[in-house]
Amino acid sequence: MKMKGFTILALAATIALSGCSANKSGSGNATEPAEPAKTETTAAPVDLTWFSTVGGWNPPQWTTEPGTVMGEQTKKTGLTFTYNIPAQDGDTKLNLMTVSSSDSFPDVITTVGPDMGKKLVEAGKVWELEEFLTKYDPESHLLKDYPEDVKQQMIKHYGGWYAIGSHMTSGDAREVYPPSSDYFADVAKYAENKGVIVNANILKEAGIALSDLKTEDGVLAALKKVKDMKLTVDGQPVIPLQIHGKNYHGETLQFLHRSFGAMPIDKDGKFRHIYMSPENKHAIQFLFKAAQGGYFDPGQMTTDDAAIEANVLSKRVFMLIGGTPKGKFDTVDFWVSPGAILSSEGTKPVFPFYSEPDRGWMQTHISKSTKEPEKLAKWLSYVTSAEGMTLSNFGIEGVHYTKDDKGLITRTDEGIQAQKDSSKTAVDIFWQFANMAFLENVQPAPTKREGAGGLIEMEAKTAYARSPEVVRYDASVLKLPGDFYAPGSKNAIARDQIQQFYEAQVAKMVLAKDEAAFNKLYDEFVAKMKQLKVDELDAALNEELQKKSQEMGVTVKGINS
(Lines give C-alpha, C1' and ligand atoms only; values in the text may rest on other atoms or scores of the structure.)
Protein backbone atom coordinates (compact mmCIF):
# COMPACT_ATOMS: atom_id res chain seq x y z
CA MET A 1 0.00 0.00 0.00
CA LYS A 2 1.51 3.29 -1.05
CA MET A 3 1.38 5.55 1.99
CA LYS A 4 3.64 8.29 3.21
CA GLY A 5 5.65 6.63 5.98
CA PHE A 6 3.25 3.73 6.25
CA THR A 7 2.51 0.33 4.72
CA ILE A 8 -0.05 -2.34 5.51
CA LEU A 9 2.56 -4.45 7.27
CA ALA A 10 4.03 -1.61 9.25
CA LEU A 11 0.77 -0.06 10.33
CA ALA A 12 -0.63 -3.36 11.45
CA ALA A 13 2.36 -3.61 13.75
CA THR A 14 2.43 -0.23 15.43
CA ILE A 15 -0.39 -1.18 17.75
CA ALA A 16 -0.48 -4.49 19.60
CA LEU A 17 -3.54 -6.69 19.45
CA SER A 18 -6.05 -6.08 22.22
CA GLY A 19 -9.20 -8.02 22.92
CA CYS A 20 -10.16 -11.13 20.98
CA SER A 21 -12.15 -11.60 17.83
CA ALA A 22 -15.68 -12.90 17.83
CA ASN A 23 -14.67 -15.14 14.94
CA LYS A 24 -11.54 -17.25 14.98
CA SER A 25 -8.73 -15.92 12.83
CA GLY A 26 -7.88 -18.14 9.92
CA SER A 27 -11.54 -18.63 9.02
CA GLY A 28 -10.81 -17.12 5.61
CA ASN A 29 -14.22 -15.49 5.34
CA ALA A 30 -14.22 -11.85 4.34
CA THR A 31 -16.80 -9.76 6.18
CA GLU A 32 -19.64 -8.51 4.02
CA PRO A 33 -20.65 -4.83 4.08
CA ALA A 34 -22.63 -3.98 7.19
CA GLU A 35 -25.17 -2.02 5.17
CA PRO A 36 -26.75 -2.24 1.74
CA ALA A 37 -25.12 -0.38 -1.12
CA LYS A 38 -26.27 3.20 -1.40
CA THR A 39 -28.54 4.22 -4.25
CA GLU A 40 -26.62 5.76 -7.11
CA THR A 41 -27.25 9.45 -7.68
CA THR A 42 -28.45 10.86 -10.99
CA ALA A 43 -28.31 14.62 -10.35
CA ALA A 44 -25.29 16.65 -11.43
CA PRO A 45 -22.51 16.19 -8.86
CA VAL A 46 -21.67 18.91 -6.35
CA ASP A 47 -18.03 19.98 -6.02
CA LEU A 48 -16.61 20.54 -2.52
CA THR A 49 -13.19 21.56 -1.20
CA TRP A 50 -10.86 19.17 0.62
CA PHE A 51 -7.91 20.68 2.50
CA SER A 52 -5.05 18.47 3.67
CA THR A 53 -1.97 19.32 5.71
CA VAL A 54 -0.37 16.05 4.52
CA GLY A 55 1.97 17.45 1.91
CA GLY A 56 2.97 14.00 0.62
CA TRP A 57 -0.61 13.14 -0.31
CA ASN A 58 -0.88 13.52 -4.07
CA PRO A 59 -4.28 12.42 -5.45
CA PRO A 60 -5.12 12.99 -9.12
CA GLN A 61 -7.51 15.69 -10.21
CA TRP A 62 -11.07 14.48 -9.66
CA THR A 63 -12.73 12.74 -12.56
CA THR A 64 -16.29 11.51 -12.99
CA GLU A 65 -15.31 9.02 -15.69
CA PRO A 66 -17.15 5.69 -15.20
CA GLY A 67 -14.99 2.71 -14.26
CA THR A 68 -12.57 4.80 -12.18
CA VAL A 69 -12.31 5.02 -8.40
CA MET A 70 -13.33 8.68 -8.35
CA GLY A 71 -16.01 8.26 -10.97
CA GLU A 72 -17.63 5.36 -9.12
CA GLN A 73 -17.42 7.26 -5.83
CA THR A 74 -19.16 10.24 -7.43
CA LYS A 75 -21.85 7.93 -8.85
CA LYS A 76 -22.53 6.65 -5.32
CA THR A 77 -22.30 9.93 -3.43
CA GLY A 78 -23.03 12.78 -5.86
CA LEU A 79 -19.83 14.60 -4.87
CA THR A 80 -16.61 15.63 -6.51
CA PHE A 81 -13.70 17.33 -4.75
CA THR A 82 -11.24 20.11 -5.45
CA TYR A 83 -8.08 19.70 -3.38
CA ASN A 84 -6.05 22.25 -1.47
CA ILE A 85 -2.83 20.54 -0.43
CA PRO A 86 -0.01 22.98 0.39
CA ALA A 87 3.42 21.53 -0.38
CA GLN A 88 4.65 22.93 2.95
CA ASP A 89 3.40 24.84 5.98
CA GLY A 90 -0.04 23.28 5.70
CA ASP A 91 -0.75 23.82 9.40
CA THR A 92 0.17 27.49 9.12
CA LYS A 93 -2.12 28.01 6.15
CA LEU A 94 -4.97 26.15 7.83
CA ASN A 95 -4.45 28.11 11.03
CA LEU A 96 -4.82 31.37 9.10
CA MET A 97 -7.99 30.09 7.46
CA THR A 98 -9.34 29.10 10.87
CA VAL A 99 -9.06 32.62 12.28
CA SER A 100 -10.10 34.34 9.05
CA SER A 101 -13.60 35.81 8.68
CA SER A 102 -13.77 34.53 5.09
CA ASP A 103 -16.63 32.17 4.27
CA SER A 104 -14.39 30.03 2.02
CA PHE A 105 -13.46 27.52 4.71
CA PRO A 106 -12.97 24.01 3.23
CA ASP A 107 -15.68 21.36 3.50
CA VAL A 108 -13.38 18.49 4.47
CA ILE A 109 -10.13 18.90 6.40
CA THR A 110 -7.44 16.26 6.95
CA THR A 111 -4.75 16.95 9.54
CA VAL A 112 -1.83 15.07 11.09
CA GLY A 113 -0.23 15.54 14.49
CA PRO A 114 -1.88 16.30 17.82
CA ASP A 115 -2.45 20.05 17.57
CA MET A 116 -4.20 21.25 14.42
CA GLY A 117 -7.30 19.14 14.88
CA LYS A 118 -7.70 20.47 18.40
CA LYS A 119 -7.48 24.02 17.09
CA LEU A 120 -10.30 23.28 14.66
CA VAL A 121 -12.41 21.86 17.48
CA GLU A 122 -11.69 24.73 19.86
CA ALA A 123 -12.52 27.25 17.11
CA GLY A 124 -15.87 25.54 16.59
CA LYS A 125 -15.04 24.88 12.94
CA VAL A 126 -15.80 21.15 12.72
CA TRP A 127 -18.65 18.79 13.55
CA GLU A 128 -18.80 16.34 16.42
CA LEU A 129 -19.48 13.26 14.29
CA GLU A 130 -22.09 11.59 16.51
CA GLU A 131 -24.16 14.76 16.30
CA PHE A 132 -23.41 15.23 12.60
CA LEU A 133 -24.34 11.72 11.52
CA THR A 134 -27.39 11.49 13.77
CA LYS A 135 -28.71 14.67 12.18
CA TYR A 136 -27.83 14.07 8.54
CA ASP A 137 -27.45 10.27 8.10
CA PRO A 138 -29.08 8.53 11.08
CA GLU A 139 -28.82 5.12 9.38
CA SER A 140 -25.05 5.42 8.98
CA HIS A 141 -23.10 2.28 9.82
CA LEU A 142 -20.58 4.53 11.59
CA LEU A 143 -23.08 5.09 14.39
CA LYS A 144 -23.13 1.34 14.94
CA ASP A 145 -19.74 -0.10 14.09
CA TYR A 146 -17.08 2.62 14.47
CA PRO A 147 -14.61 0.97 16.89
CA GLU A 148 -15.49 2.06 20.39
CA ASP A 149 -11.91 1.80 21.66
CA VAL A 150 -10.69 4.14 18.90
CA LYS A 151 -13.62 6.49 19.51
CA GLN A 152 -12.70 6.71 23.19
CA GLN A 153 -9.19 7.82 22.23
CA MET A 154 -10.75 10.54 20.08
CA ILE A 155 -12.92 11.66 22.98
CA LYS A 156 -9.93 11.78 25.32
CA HIS A 157 -8.00 13.91 22.84
CA TYR A 158 -10.66 16.22 21.40
CA GLY A 159 -13.36 16.11 24.05
CA GLY A 160 -15.65 14.40 21.56
CA TRP A 161 -15.66 12.24 18.44
CA TYR A 162 -14.50 14.90 15.99
CA ALA A 163 -12.58 12.90 13.38
CA ILE A 164 -12.25 9.73 11.37
CA GLY A 165 -8.80 8.29 11.97
CA SER A 166 -6.78 6.58 9.26
CA HIS A 167 -5.11 3.17 9.51
CA MET A 168 -7.27 1.92 12.34
CA THR A 169 -6.17 -1.27 14.04
CA SER A 170 -7.64 -2.21 17.38
CA GLY A 171 -9.42 -4.98 19.22
CA ASP A 172 -12.83 -3.47 18.49
CA ALA A 173 -11.92 -2.88 14.83
CA ARG A 174 -11.09 -6.56 14.55
CA GLU A 175 -14.44 -7.45 16.07
CA VAL A 176 -16.01 -5.81 13.02
CA TYR A 177 -13.41 -7.17 10.59
CA PRO A 178 -11.67 -10.29 11.97
CA PRO A 179 -8.35 -11.18 10.26
CA SER A 180 -8.46 -13.70 7.43
CA SER A 181 -5.30 -15.40 8.71
CA ASP A 182 -3.12 -15.73 11.80
CA TYR A 183 -0.36 -14.25 9.65
CA PHE A 184 -1.78 -10.77 10.23
CA ALA A 185 -1.77 -11.19 14.00
CA ASP A 186 1.91 -12.11 13.75
CA VAL A 187 2.64 -9.04 11.65
CA ALA A 188 0.69 -6.88 14.10
CA LYS A 189 2.92 -8.04 16.91
CA TYR A 190 6.30 -7.67 15.23
CA ALA A 191 6.29 -5.35 12.21
CA GLU A 192 7.94 -1.94 12.58
CA ASN A 193 8.11 0.97 10.19
CA LYS A 194 11.60 2.09 11.22
CA GLY A 195 14.56 -0.18 10.78
CA VAL A 196 17.71 -1.17 8.95
CA ILE A 197 17.54 -2.91 5.57
CA VAL A 198 20.47 -4.13 3.51
CA ASN A 199 20.97 -4.76 -0.21
CA ALA A 200 21.61 -8.51 -0.42
CA ASN A 201 23.26 -8.20 -3.84
CA ILE A 202 25.92 -5.78 -2.58
CA LEU A 203 26.21 -7.76 0.67
CA LYS A 204 27.19 -10.83 -1.36
CA GLU A 205 29.52 -8.93 -3.67
CA ALA A 206 31.34 -7.45 -0.68
CA GLY A 207 31.70 -10.85 0.96
CA ILE A 208 29.85 -9.76 4.11
CA ALA A 209 27.52 -12.05 6.06
CA LEU A 210 24.21 -10.70 7.37
CA SER A 211 25.24 -11.90 10.82
CA ASP A 212 28.22 -9.50 10.64
CA LEU A 213 25.72 -6.64 10.87
CA LYS A 214 24.28 -7.59 14.25
CA THR A 215 26.46 -5.14 16.17
CA GLU A 216 27.30 -1.46 15.91
CA ASP A 217 30.99 -2.21 15.37
CA GLY A 218 30.11 -4.79 12.73
CA VAL A 219 27.93 -2.32 10.85
CA LEU A 220 30.59 0.39 10.87
CA ALA A 221 33.20 -2.14 9.69
CA ALA A 222 30.90 -3.26 6.85
CA LEU A 223 30.25 0.32 5.78
CA LYS A 224 34.00 0.95 5.69
CA LYS A 225 34.61 -2.20 3.66
CA VAL A 226 31.93 -1.32 1.10
CA LYS A 227 33.30 2.22 0.77
CA ASP A 228 36.91 1.06 0.43
CA MET A 229 36.02 -1.55 -2.24
CA LYS A 230 34.71 1.27 -4.47
CA LEU A 231 31.89 -0.91 -5.75
CA THR A 232 29.64 0.30 -8.54
CA VAL A 233 26.19 -0.49 -9.91
CA ASP A 234 25.62 0.29 -13.60
CA GLY A 235 28.80 2.34 -13.54
CA GLN A 236 27.72 4.49 -10.59
CA PRO A 237 29.37 4.30 -7.13
CA VAL A 238 27.64 2.36 -4.38
CA ILE A 239 26.18 4.45 -1.53
CA PRO A 240 27.31 2.69 1.67
CA LEU A 241 24.64 4.28 3.88
CA GLN A 242 21.36 5.99 3.09
CA ILE A 243 19.74 7.92 5.93
CA HIS A 244 16.20 9.28 5.91
CA GLY A 245 16.95 12.60 4.24
CA LYS A 246 15.94 15.79 6.03
CA ASN A 247 13.82 13.74 8.45
CA TYR A 248 16.78 11.63 9.60
CA HIS A 249 16.27 12.86 13.17
CA GLY A 250 12.67 11.58 13.05
CA GLU A 251 13.35 8.24 11.36
CA THR A 252 17.02 7.23 11.33
CA LEU A 253 17.75 8.45 14.84
CA GLN A 254 14.49 7.07 16.21
CA PHE A 255 15.46 3.61 15.01
CA LEU A 256 18.95 3.99 16.48
CA HIS A 257 17.37 5.17 19.73
CA ARG A 258 15.39 1.94 19.98
CA SER A 259 18.22 -0.26 18.81
CA PHE A 260 20.59 1.26 21.36
CA GLY A 261 17.92 1.06 24.08
CA ALA A 262 16.76 4.66 24.58
CA MET A 263 13.47 5.14 26.43
CA PRO A 264 11.57 8.19 27.71
CA ILE A 265 11.32 6.48 31.11
CA ASP A 266 14.26 6.02 33.46
CA LYS A 267 15.12 3.03 35.66
CA ASP A 268 13.03 4.47 38.50
CA GLY A 269 9.93 4.59 36.32
CA LYS A 270 9.99 8.40 35.98
CA PHE A 271 9.62 10.30 32.73
CA ARG A 272 12.94 11.45 31.29
CA HIS A 273 13.06 13.11 27.88
CA ILE A 274 14.52 10.62 25.43
CA TYR A 275 16.84 13.34 24.13
CA MET A 276 18.43 13.48 27.58
CA SER A 277 19.13 9.74 27.68
CA PRO A 278 22.71 8.46 27.29
CA GLU A 279 21.47 6.28 24.43
CA ASN A 280 20.43 9.39 22.48
CA LYS A 281 24.00 10.63 22.60
CA HIS A 282 25.20 7.24 21.44
CA ALA A 283 22.76 7.21 18.51
CA ILE A 284 23.96 10.64 17.35
CA GLN A 285 27.54 9.48 17.83
CA PHE A 286 26.90 6.56 15.47
CA LEU A 287 25.91 8.98 12.70
CA PHE A 288 28.91 11.16 13.58
CA LYS A 289 31.21 8.15 13.04
CA ALA A 290 29.43 7.31 9.78
CA ALA A 291 29.90 10.89 8.60
CA GLN A 292 33.56 10.87 9.66
CA GLY A 293 34.07 7.69 7.65
CA GLY A 294 32.44 9.19 4.59
CA TYR A 295 29.81 6.46 4.49
CA PHE A 296 27.06 8.90 3.54
CA ASP A 297 27.10 12.27 1.81
CA PRO A 298 26.16 15.03 4.30
CA GLY A 299 23.89 16.37 1.57
CA GLN A 300 21.54 13.50 2.43
CA MET A 301 20.60 15.41 5.59
CA THR A 302 18.67 17.95 3.55
CA THR A 303 17.15 15.82 0.78
CA ASP A 304 13.47 15.01 0.32
CA ASP A 305 11.65 11.69 -0.03
CA ALA A 306 11.96 11.71 -3.81
CA ALA A 307 15.76 11.86 -3.58
CA ILE A 308 15.85 8.93 -1.15
CA GLU A 309 13.64 6.85 -3.42
CA ALA A 310 15.73 7.75 -6.47
CA ASN A 311 18.85 6.44 -4.72
CA VAL A 312 17.05 3.26 -3.67
CA LEU A 313 15.67 2.64 -7.16
CA SER A 314 19.17 3.05 -8.61
CA LYS A 315 20.02 -0.13 -6.63
CA ARG A 316 23.22 1.55 -5.39
CA VAL A 317 22.24 1.79 -1.71
CA PHE A 318 23.99 -0.82 0.43
CA MET A 319 22.25 -0.02 3.73
CA LEU A 320 19.23 2.11 4.57
CA ILE A 321 18.58 3.15 8.17
CA GLY A 322 15.28 4.95 8.65
CA GLY A 323 11.72 4.53 7.45
CA THR A 324 11.52 1.14 5.79
CA PRO A 325 8.73 2.14 3.32
CA LYS A 326 11.46 4.01 1.48
CA GLY A 327 12.78 0.58 0.52
CA LYS A 328 10.31 0.56 -2.42
CA PHE A 329 9.38 -3.07 -1.83
CA ASP A 330 6.88 -2.80 -4.67
CA THR A 331 9.79 -2.41 -7.10
CA VAL A 332 12.99 -3.90 -5.67
CA ASP A 333 13.37 -7.35 -4.13
CA PHE A 334 16.86 -7.50 -2.65
CA TRP A 335 16.31 -6.28 0.91
CA VAL A 336 17.25 -8.25 4.02
CA SER A 337 17.58 -7.06 7.61
CA PRO A 338 19.87 -7.98 10.50
CA GLY A 339 17.16 -6.80 12.93
CA ALA A 340 18.57 -4.92 15.89
CA ILE A 341 21.99 -3.25 15.75
CA LEU A 342 23.42 -4.01 19.17
CA SER A 343 25.17 -1.07 20.81
CA SER A 344 28.88 -1.26 21.62
CA GLU A 345 27.88 -0.01 25.08
CA GLY A 346 26.08 -3.29 25.81
CA THR A 347 22.62 -1.76 26.25
CA LYS A 348 19.54 -3.79 25.33
CA PRO A 349 17.38 -2.77 22.36
CA VAL A 350 13.74 -1.91 23.10
CA PHE A 351 10.46 -2.14 21.21
CA PRO A 352 7.44 -0.03 22.22
CA PHE A 353 4.02 -1.61 21.68
CA TYR A 354 0.59 -0.20 22.47
CA SER A 355 -2.02 -2.16 24.34
CA GLU A 356 -4.39 0.77 23.77
CA PRO A 357 -5.22 1.79 20.19
CA ASP A 358 -4.19 5.10 18.69
CA ARG A 359 -6.40 7.70 17.03
CA GLY A 360 -4.75 6.94 13.68
CA TRP A 361 -2.22 8.78 11.55
CA MET A 362 -4.50 11.16 9.63
CA GLN A 363 -7.55 12.80 11.18
CA THR A 364 -10.35 13.81 8.81
CA HIS A 365 -12.89 16.42 9.94
CA ILE A 366 -16.13 17.78 8.49
CA SER A 367 -16.58 21.56 8.38
CA LYS A 368 -19.58 23.10 10.09
CA SER A 369 -19.69 25.74 7.36
CA THR A 370 -20.28 23.28 4.53
CA LYS A 371 -23.39 23.96 2.47
CA GLU A 372 -23.83 20.23 1.78
CA PRO A 373 -23.91 18.53 5.21
CA GLU A 374 -26.32 15.77 4.16
CA LYS A 375 -24.28 14.83 1.08
CA LEU A 376 -21.08 14.87 3.14
CA ALA A 377 -22.64 12.68 5.81
CA LYS A 378 -23.68 10.08 3.24
CA TRP A 379 -20.28 10.37 1.53
CA LEU A 380 -18.50 9.77 4.85
CA SER A 381 -20.69 6.74 5.51
CA TYR A 382 -19.98 5.36 2.05
CA VAL A 383 -16.19 5.81 1.95
CA THR A 384 -15.85 4.09 5.35
CA SER A 385 -18.17 1.20 4.42
CA ALA A 386 -16.87 -2.16 3.21
CA GLU A 387 -18.06 -1.34 -0.30
CA GLY A 388 -16.45 2.10 -0.29
CA MET A 389 -13.17 0.87 1.19
CA THR A 390 -13.00 -1.94 -1.36
CA LEU A 391 -13.41 0.61 -4.15
CA SER A 392 -10.82 3.05 -2.82
CA ASN A 393 -8.24 0.45 -1.79
CA PHE A 394 -8.55 -2.02 -4.65
CA GLY A 395 -10.33 -0.30 -7.56
CA ILE A 396 -12.77 -2.01 -9.91
CA GLU A 397 -13.62 -5.70 -9.55
CA GLY A 398 -12.66 -7.74 -12.60
CA VAL A 399 -10.21 -5.06 -13.68
CA HIS A 400 -8.02 -4.29 -10.68
CA TYR A 401 -8.85 -7.26 -8.47
CA THR A 402 -10.62 -10.59 -8.27
CA LYS A 403 -12.30 -12.45 -5.41
CA ASP A 404 -11.92 -16.11 -4.55
CA ASP A 405 -14.68 -18.44 -3.34
CA LYS A 406 -14.20 -17.13 0.20
CA GLY A 407 -14.57 -13.52 -0.90
CA LEU A 408 -10.89 -12.73 -0.39
CA ILE A 409 -9.36 -10.13 -2.70
CA THR A 410 -6.29 -10.51 -4.92
CA ARG A 411 -5.00 -7.68 -7.09
CA THR A 412 -4.61 -8.37 -10.80
CA ASP A 413 -1.46 -7.32 -12.65
CA GLU A 414 -3.39 -4.26 -13.82
CA GLY A 415 -4.43 -3.60 -10.23
CA ILE A 416 -0.85 -3.88 -8.98
CA GLN A 417 0.25 -1.34 -11.57
CA ALA A 418 -2.72 0.92 -10.77
CA GLN A 419 -1.69 0.88 -7.10
CA LYS A 420 1.86 1.86 -8.06
CA ASP A 421 0.37 4.68 -10.15
CA SER A 422 -2.05 5.74 -7.41
CA SER A 423 -1.40 9.46 -7.96
CA LYS A 424 -2.80 8.95 -11.48
CA THR A 425 -5.39 6.20 -10.95
CA ALA A 426 -6.62 6.96 -7.40
CA VAL A 427 -6.39 3.24 -6.61
CA ASP A 428 -5.21 3.15 -3.00
CA ILE A 429 -4.81 6.93 -2.71
CA PHE A 430 -7.50 7.70 -0.11
CA TRP A 431 -5.31 6.86 2.84
CA GLN A 432 -7.57 8.88 5.13
CA PHE A 433 -10.00 5.96 5.27
CA ALA A 434 -7.51 3.10 5.33
CA ASN A 435 -8.75 0.59 7.90
CA MET A 436 -6.07 -1.97 8.67
CA ALA A 437 -8.53 -4.41 10.23
CA PHE A 438 -10.61 -4.30 7.04
CA LEU A 439 -7.56 -4.88 4.83
CA GLU A 440 -6.49 -7.83 6.97
CA ASN A 441 -10.03 -9.19 6.71
CA VAL A 442 -10.46 -9.08 2.92
CA GLN A 443 -6.98 -10.16 1.78
CA PRO A 444 -5.33 -13.58 2.06
CA ALA A 445 -1.92 -13.86 3.67
CA PRO A 446 0.79 -13.27 1.06
CA THR A 447 2.50 -16.22 -0.56
CA LYS A 448 4.80 -14.33 -2.93
CA ARG A 449 8.15 -13.13 -1.68
CA GLU A 450 8.35 -10.16 -4.03
CA GLY A 451 6.25 -7.03 -4.22
CA ALA A 452 4.53 -4.68 -1.80
CA GLY A 453 3.19 -6.63 1.17
CA GLY A 454 5.19 -9.71 0.15
CA LEU A 455 7.24 -11.96 2.39
CA ILE A 456 10.48 -10.08 1.70
CA GLU A 457 8.89 -6.92 3.07
CA MET A 458 7.39 -8.73 6.04
CA GLU A 459 10.68 -10.42 6.95
CA ALA A 460 12.58 -7.15 6.71
CA LYS A 461 10.06 -5.24 8.81
CA THR A 462 9.66 -7.84 11.53
CA ALA A 463 13.36 -8.66 11.88
CA TYR A 464 13.96 -6.03 14.57
CA ALA A 465 11.18 -7.02 16.95
CA ARG A 466 11.95 -10.71 16.40
CA SER A 467 15.56 -10.20 17.51
CA PRO A 468 15.90 -12.20 20.74
CA GLU A 469 17.75 -9.37 22.48
CA VAL A 470 14.85 -6.90 22.08
CA VAL A 471 12.82 -6.01 25.19
CA ARG A 472 9.20 -4.99 24.62
CA TYR A 473 7.44 -2.37 26.75
CA ASP A 474 3.90 -1.01 26.79
CA ALA A 475 4.13 2.57 25.52
CA SER A 476 0.42 3.18 26.13
CA VAL A 477 1.42 4.54 29.55
CA LEU A 478 2.96 7.48 27.68
CA LYS A 479 -0.28 8.61 26.07
CA LEU A 480 -1.25 12.13 27.07
CA PRO A 481 -4.58 13.85 27.63
CA GLY A 482 -5.73 15.86 24.63
CA ASP A 483 -5.10 19.23 26.25
CA PHE A 484 -1.57 18.54 27.52
CA TYR A 485 -0.07 20.28 24.51
CA ALA A 486 -2.87 22.79 24.05
CA PRO A 487 -1.93 25.27 21.31
CA GLY A 488 0.01 28.18 22.80
CA SER A 489 0.39 26.49 26.19
CA LYS A 490 3.60 26.42 28.21
CA ASN A 491 3.99 22.71 27.46
CA ALA A 492 3.50 23.18 23.71
CA ILE A 493 5.94 26.08 23.56
CA ALA A 494 8.59 24.12 25.47
CA ARG A 495 8.08 21.04 23.27
CA ASP A 496 8.41 23.03 20.06
CA GLN A 497 11.46 24.98 21.19
CA ILE A 498 13.17 21.78 22.32
CA GLN A 499 12.47 20.04 19.01
CA GLN A 500 13.66 22.97 16.92
CA PHE A 501 16.87 23.24 18.91
CA TYR A 502 17.42 19.48 18.83
CA GLU A 503 17.19 19.29 15.05
CA ALA A 504 19.61 22.18 14.59
CA GLN A 505 22.13 20.94 17.16
CA VAL A 506 22.04 17.31 15.99
CA ALA A 507 23.09 18.42 12.51
CA LYS A 508 26.09 20.20 14.03
CA MET A 509 27.04 17.17 16.13
CA VAL A 510 26.78 14.72 13.23
CA LEU A 511 29.04 16.94 11.11
CA ALA A 512 31.49 17.87 13.89
CA LYS A 513 35.11 17.98 12.69
CA ASP A 514 36.38 15.56 15.35
CA GLU A 515 35.41 13.80 18.57
CA ALA A 516 36.48 16.70 20.78
CA ALA A 517 34.23 19.05 18.82
CA PHE A 518 31.40 16.50 19.03
CA ASN A 519 31.67 16.28 22.83
CA LYS A 520 31.78 20.06 23.16
CA LEU A 521 28.63 20.39 21.05
CA TYR A 522 26.92 17.70 23.09
CA ASP A 523 27.73 19.49 26.34
CA GLU A 524 26.29 22.67 24.85
CA PHE A 525 23.22 20.69 23.88
CA VAL A 526 22.63 19.47 27.44
CA ALA A 527 23.09 22.97 28.88
CA LYS A 528 20.71 24.53 26.36
CA MET A 529 18.09 21.84 26.91
CA LYS A 530 18.04 22.77 30.58
CA GLN A 531 17.69 26.45 29.65
CA LEU A 532 14.70 25.45 27.52
CA LYS A 533 13.14 24.01 30.69
CA VAL A 534 13.26 20.37 29.70
CA ASP A 535 13.20 19.49 33.43
CA GLU A 536 9.92 21.35 33.94
CA LEU A 537 8.39 19.66 30.92
CA ASP A 538 9.63 16.28 32.15
CA ALA A 539 8.03 16.89 35.55
CA ALA A 540 4.68 17.64 33.90
CA LEU A 541 5.01 14.60 31.65
CA ASN A 542 5.96 12.43 34.60
CA GLU A 543 2.79 13.46 36.42
CA GLU A 544 0.74 12.26 33.46
CA LEU A 545 2.82 9.08 33.18
CA GLN A 546 2.11 8.17 36.78
CA LYS A 547 -1.62 8.88 36.36
CA LYS A 548 -1.80 6.77 33.21
CA SER A 549 0.20 3.95 34.79
CA GLN A 550 -2.17 3.86 37.74
CA GLU A 551 -5.21 4.02 35.47
CA MET A 552 -3.95 1.09 33.37
CA GLY A 553 -2.42 -0.87 36.24
CA VAL A 554 0.83 -1.03 34.24
CA THR A 555 4.27 -0.01 35.48
CA VAL A 556 7.08 0.57 33.00
CA LYS A 557 10.69 1.20 33.98
CA GLY A 558 13.70 2.03 31.84
CA ILE A 559 15.58 -1.03 30.64
CA ASN A 560 19.03 0.52 30.45
CA SER A 561 19.34 3.89 32.16
Side-chain angles (χ1 to χ4, degrees), residues 1-7 10 52-60 85-90 112 193-202 219 223 226-227 230-256 283-284 286-288 290-335 337 361 419-424 429 431 452 457 460-461 499 502-504 506-511:
M1 188 172 188
K2 199 161 22 172
M3 296 178 283
K4 184 182 180 185
F6 286 85
T7 66
S52 173
T53 64
V54 187
W57 183 47
N58 188 29
I85 311 172
Q88 56 188 1
D89 299 326
V112 293
N193 224 26
K194 298 178 178 67
V196 51
I197 51 179
V198 182
N199 186 322
N201 297 333
I202 299 175
V219 167
L223 293 173
V226 168
K227 177 177 180 288
K230 302 186 185 305
L231 301 174
T232 62
V233 174
D234 295 332
Q236 296 297 311
V238 163
I239 301 168
L241 175 63
Q242 175 70 53
I243 61 174
H244 202 103
K246 60 186 178 183
N247 196 28
Y248 70 94
H249 44 76
E251 298 286 343
T252 305
L253 277 174
Q254 283 186 14
F255 169 73
L256 291 171
I284 301 170
F286 175 90
L287 287 186
F288 161 72
Q292 288 278 296
Y295 309 145
F296 71 93
D297 186 328
Q300 285 189 29
M301 297 166 68
T302 59
T303 56
D304 60 14
D305 288 352
I308 301 170
E309 292 179 2
N311 283 346
V312 167
L313 291 173
S314 74
K315 302 180 180 180
R316 296 186 297 130
V317 172
F318 168 61
M319 178 180 293
L320 185 153
I321 300 179
T324 49
K326 290 295 172 281
K328 302 297 291 183
F329 291 93
D330 59 340
T331 305
V332 297
D333 60 3
F334 47 61
W335 295 119
S337 176
W361 172 36
Q419 185 188 29
K420 291 180 181 179
D421 296 334
S422 61
S423 61
K424 298 176 182 177
I429 199 68
W431 312 332
E457 182 174 10
K461 290 184 173 181
Q499 185 62 27
Y502 178 74
E503 293 176 14
V506 162
K508 294 177 183 177
M509 287 189 273
V510 170
L511 300 179

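Small disclaimer: the values here were computed from a predicted structure and weren't measured.
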pair [X]-[Y]: side-chain heavy atoms closer than 4.5 Å:
X: Y295; Y: V219; value: no
X: I239; Y: F318; value: no
X: F329; Y: I197; value: yes
X: F296; Y: M301; value: yes
X: V226; Y: M319; value: no
X: V54; Y: W361; value: yes
X: Y502; Y: L253; value: yes
X: Y248; Y: L287; value: yes

Which pair of non-hydrogen atoms, one from [X] and one from [Y], has the smallest distance, and what is that distance?
X: D305; Y: K326; answer: CG-CE, 3.4 Å
X: A291; Y: V510; answer: CB-O, 3.5 Å
X: L223; Y: P240; answer: CD2-O, 3.3 Å
X: L231; Y: I202; answer: CD1-CG2, 3.9 Å
X: S314; Y: N311; answer: OG-O, 2.5 Å
X: S422; Y: P60; answer: O-CD, 3.8 Å

Spacing of [X] atom [atom1] and [Y] atom [atom2] [to the nearest 0.5 Å]:
X: I308; Y: Q300; atom1: CD1; atom2: CD; value: 8.0 Å
X: L241; Y: D297; atom1: CG; atom2: CG; value: 11.5 Å
X: R316; Y: Q242; atom1: CZ; atom2: CD; value: 9.5 Å
X: K315; Y: Q236; atom1: NZ; atom2: CD; value: 14.5 Å
X: E309; Y: T303; atom1: CD; atom2: OG1; value: 11.0 Å

Ring pair (Phe, Tyr, Trp, His ring centres under 6.0 Å) against F255, all qualifying residues, sequence neighbours excluded =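 Here the qualifying residues are Y464.
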
Closer than 3.5 angstrom, by distance alone: can the side chain of [X] be matched with the main-chain N or O of [Y] as a donor-acceptor pair?
X: D421; Y: K424; value: no
X: W335; Y: A460; value: no
X: W57; Y: I429; value: yes
X: Q292; Y: F288; value: no
X: S52; Y: I85; value: no

Would T53 and V112 count as a side chain to side chain contact (heavy atoms under 4.5 Å, CB included) if you check the C-alpha gap in whole Å, the side-chain angles of each, and the deciding distance to 0.1 Å?
-> CA-CA 7 Å; T53 64; V112 293; 4.0 Å; yes

Can you list the residues that meet the side chain to side chain contact (heavy atoms under 4.5 Å, CB included) rule with N247, with sequence neighbours excluded?
->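 Listed in chain order: H244, H249, E251.
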
